[in-house]
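This report refers to the structure that appears directly beneath it.
Naming: A, B, ... by sequence-line order, numbering from 1 per chain. As the structure is a prediction and not an experimental result, all values here were calculated from the model.
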Amino acid sequence: MSDDLVIAGRTFRSRLILGTGGASDDALLERTLRASGTELTTVAMRRVDGSRAGTLSGLMREAGVSLLPNTAGCRTARDALLTARLARESLGTPWVKLEVVADDDTLLPDAPELLRAASLLVDDGFTVLAYTNDDPALALRLQRLGCAAVMPLGSPIGTGLGILNPHNIRLIASTLHVPVILDAGVGTASDAALAMELGCDGVLLASAVNRAQDPELMATAMAHAVTAGRAAFRAGRIPRRDRALASSPHQGRPEFSPPTSLIDSGARA
Amino acid sequence: MIDVWVNGQQRKVPREATVEDVVRLVTGADCLDGIAVARAEEVVPAGAWSRTCVTTGDRLEILGAVAGG
């Protein structure tokens with residue numbers, strides 16, 4: 001049975017979105033993207049360096065990966081709108097990963113500016129994938145404004161601290177009807193698997209792969225983790241219990257010595 | 001020559017220079033795919049570069065995609 005990710009009517013077989021952030025070498029980046037199986041990758045818009053003008057977009061086209069430009073570095077809705085418009089002009093896509101951050105130290109989203117920006121971009125015809133805090137109320141507001149996907153952080157960008165508030169991530173994933181993509185904070189494969197087990201529709205990560213000692217191998221690990229986490233979510237985990245529940249049957253057990261219970265013995269002592 | 005600001009730096013360009021002239025000057029590239037230009041916080045569509053002249057004091061931002069995010 002197919003279990004594709006659908007964002008704004010577009011189907012993706014891979015639920016892993018691999019960013020290019022932190023990649024230092026084009027050839028390695030291409031191999032890493034292929035190893036991840038991703039079909040969508042983020043890029044940032046920056047002042048051109050004459051020697052490299054336009055090379056990255058060509059490389060992605062060759063790798064068969066679509067581009068998702070971001071508004072990284074924007075602090076205001078106005079800057080985000082102009083950056084998104086430049087990305088649309090430059091790359092020919094109305095898709096944008098909307099980032100509006102409060103400061104360079106935490107890179108945490110600035111909620112009021114983020115909402116303002118989301119509204120402006122949706123009105124301007126963009127397909128907005130909004131990077132946001134792990135705040136269920138804010139996530140709902142972004143969905144209501146017309147965002148195509150909502151992307152709560154696991155922890156601050158580049159920290160590798162994993163998912164600091166799994167309860168909120170689960171709540172967001174179970175409440176929204178647009179895709180929820182965990183974005184930021186993934187440090188290793190188990191973080192990506194956990195995101196999927198919590199019900200996220202996908203995972204977006206960059207540093208964990210591109211800054212790993214072996215990016216290509218970590219990309220493979222992340223692809224497996226996302227697939228495994230998704231399967232575990234769909235399969236339905238067993239409920240957590242305080243006490244053990246034997247997996248072998250009680251019936252038919254032999255009696256080699258009188259039954260005792262350590263807990264009962266302790267209570268009597 | 002006139003003074004304009006390109007990617008945060010002051011530059012002298014010929015009077016009557018177009019946006020396309022400035023882009024080629026800055027990028028040194030023959031192929032201008034994947035580049036976008038903003039002037040005075042408005043996008044100048046690529047199709048309009050060759051007929052849009054820059055004027056003294058213009059502030060241009062010339063951007064392209066780089067690894068990030």
Looking only at heavy atoms, the pair that brings A:Thr159 and A:Gly185 closest together is OG1-CA, 4.2 Å
Using side-chain heavy atoms (C-beta onward) and a distance below 4.5 Å, is B:Trp49 in contact with B:Ile35? yes
Once rounded to the nearest 0.5 Å, what's the spacing between atom OH of A:Tyr131 and atom SG of A:Cys147? 14.5 Å
Residues from residues 14-22 of chain A approaching chain B under 4.5 Å (heavy atoms): A:Gly19, A:Thr20, A:Gly21
Where A:Val178 and A:Ala148 come nearest, the two heavy atoms and their spacing: CB-O, 3.7 Å
For chain B, which of A:Gly92, A:Ser90, A:Ala23 has the most heavy-atom pairs under 4.5 Å? A:Ser90
Among B:Val44, B:Ile62, B:Asn7, residue most engaged with chain A (heavy-atom pairs, under 4.5 Å): B:Asn7
Tell me, side chain or backbone of A:Arg88 under 4.5 Å from chain B's heavy atoms, or both, or neither? neither
Contacting region of A:Leu91 [heavy-atom separation from chain B under 4.5 Å]: side chain
Residue among B:Gly8, B:Ala46, B:Ala36 with most heavy-atom pairs under 4.5 Å to chain A: B:Ala36
Minimum heavy-atom distance between A:Ala77 and A:Leu120, given as atom pair plus value: CB-CD1, 4.0 Å
On a heavy-atom basis, which atom in A:Thr71 and which in A:Thr83 lie closest, and how many Å separate them? CA-CG2, 4.1 Å
Closest contact, heavy atoms only, A:Arg75 versus A:Val101: CD-O, 3.2 Å
When you look at CD of B:Gln10, are more than 12 heavy atoms from neighbouring residues, nucleotides or ligands closer to it than 6.0 Å? yes
